[in-house]
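Notes follow the structure.
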Amino acid sequence: MKPGDDRELAGWIDTWKAEPGPPEAARAAILRRVKRRSRNLLLAVAGDVVITIGVLVYFVPRMVRSGHPADIAGATAVALLTAVALVFGLLNRRGLWRPADTTTAAFLDLAELRCRRSLRLVRFSGVFLAVEIALLAPWLWSLIGRRPGYRPFGIDPWLFTGLWFAVICAPIVGWLVWYGRRVRREAAELVVLRRALEE
Amino acid sequence: MLREHGAALGRVAAAYEADRTRQEDLFQEICLALWQALPRFRGEATLRTFVFRVAHNRGLTHRMRQARSAPAGHRAGSLEEVAERPDPRPGPDDQADSARRRERLLSALRALPLPARQVLTLTLEGLSQAEIGEVLGLTENHVAVRLVRARRMLRDRLAPDSGGAATGAGEDRR
């Protein structure tokens, strides 16, 4: 049956198509959004590149140049962690950039895959943080031990290191907990949505 | 693209969202998604099918986000229980007859379960059952069955003694 085959449907189509289109102002807003999103994407990529280059080109060579075994071990750990994070990021994003023009059923599959990958990211980030601390804390303590009388901001260097880790870790852990909950909620909504669409 | 499909995309947004401000927001999101997806358009489907796929997928994402951001007391763990916000525009009584009919139809559509709503909005846009199947990933037979059921539901909601559709206060079953 084609639309318009019966009067009832034809009437609904007439009424439906009488709905006015979007206001002209929406076009300007869309252009603004496109520009903003392009800029944000560029900034996100540039941020990743700058941090990676900063770590690998500036920080690691400086540590290696000092020649101290602890510094060399620390530099190796930093380089390894950066590489692991990059590889994980690439693998975890694989297959997620398919366009949104798939069928509704395929789109739901993709949305579920995104949820699973996001949860994987949360788990990986937690483990990564723990490993990072486990590898970098001894190096930091070695660095402090080599500088007798060093008191950053007038406080004990060991206490300073502990506070430094706490300040860095607390927001990361908080974000991981919040993001993990959000993704789980989204996954639950997806199940409901899929059930609704399959009824 | 906007000149050709803008009005249809606006109607898809209206079918997923009652609140006028968020409707415009959804419309812009759909256009953004199209802008991102368009370079990958290889002509395997018609442009119209492509556009509606993107639009309905954005609509679904919008529903999920809405359910996610709803206050805990309202969410109650289920997408079905998220209520539509009332349209802040002047009531139908203040508008012309055609606008009133349009609003009534939209309200009735929004009150339908999501599968019925999708298949009906696509039919009202003039897509054939084969095209609707391409958009939603269903067989033509499945589309036909859904359409029959959806039409019956819409007819019921538009019936003069059905208060929900007339006032637009119907439960959004999604």
What is the distance from atom [atom1] of [X] to atom [atom2] of [Y], rounded to the nearest 0.5 Å?
{"X": "B:Arg63", "Y": "A:Glu189", "atom1": "CZ", "atom2": "CD", "result": "11.0 Å"}
{"X": "A:Leu108", "Y": "B:Asn57", "atom1": "CG", "atom2": "CG", "result": "7.5 Å"}
{"X": "B:Leu120", "Y": "A:Leu9", "atom1": "CG", "atom2": "CG", "result": "8.0 Å"}
{"X": "A:Glu186", "Y": "B:Thr61", "atom1": "CD", "atom2": "OG1", "result": "8.5 Å"}
{"X": "A:Trp12", "Y": "B:Thr123", "atom1": "CH2", "atom2": "OG1", "result": "10.0 Å"}

- Item | Top contributor to chain A contacts, counting heavy-atom pairs under 4.5 Å, from B:Val51, B:Thr121, B:Leu109, B:Leu38 |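 Answer, by heavy-atom pair count under 4.5 Å with chain A: B:Thr121.
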- Query: Which region of B:Glu29, side chain (C-beta onward) or backbone (N, CA, C, O), has a non-hydrogen atom less than 4.5 Å from a non-hydrogen atom of chain A, or is it both or neither?
  - Reply: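 When you check distances to chain A, atoms from both the backbone and side chain of B:Glu29 fall under 4.5 Å.
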- Message: Quick check on B:Leu138 against chain A: is it the side chain, the backbone, both or neither that has a heavy atom closer than 4.5 Å?
- Response: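 Contact with chain A: none, neither part.
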Transitive ILVMFWY side-chain link [X] to [Y], under 4.5 Å:
{"X": "A:Val87", "Y": "A:Leu56", "result": "no"}
{"X": "A:Leu176", "Y": "A:Trp178", "result": "yes"}
{"X": "A:Trp175", "Y": "A:Leu119", "result": "yes"}
{"X": "A:Val55", "Y": "A:Ile168", "result": "yes"}
{"X": "B:Leu32", "Y": "B:Leu34", "result": "yes"}

- Evaluate the criterion salt bridge (charged side-chain N to carboxylate O under 4.0 Å, His left out) for residue pair A:Asp6 and B:Arg151; output intermediate values, then yes/no. CA-CA 12 Å; A:Asp6 58 73; B:Arg151 285 186 62 170; 2.9 Å; yes
- Task: Answer yes or no: is there a donor N or O on one side and an acceptor on the other, between the side chain of B:Arg101 and the main chain of A:Thr15, under 3.5 Å?
- Result: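 Not confirmed, B:Arg101 side chain does not pair with A:Thr15 backbone.
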- For the student: nearest non-hydrogen atoms of B:Arg155 and A:Glu8, plus distance: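 Closest pair (atom of B:Arg155, atom of A:Glu8, distance): NE-OE2, 2.5 Å.
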Counting heavy atoms not belonging to [X], are there more than 12 under 6.0 Å from its [atom1]?
{"X": "A:Arg62", "atom1": "CZ", "result": "no"}
{"X": "A:Trp158", "atom1": "CH2", "result": "yes"}
{"X": "A:Trp164", "atom1": "CH2", "result": "no"}

- Do B:Arg102 and A:Trp16 pass the side chain to side chain contact (heavy atoms under 4.5 Å, CB included) test, and can you show the C-alpha distance, the side-chain angles, and the key distance before you say yes or no? CA-CA 6 Å; B:Arg102 199 168 62 228; A:Trp16 174 250; over 6 Å; no
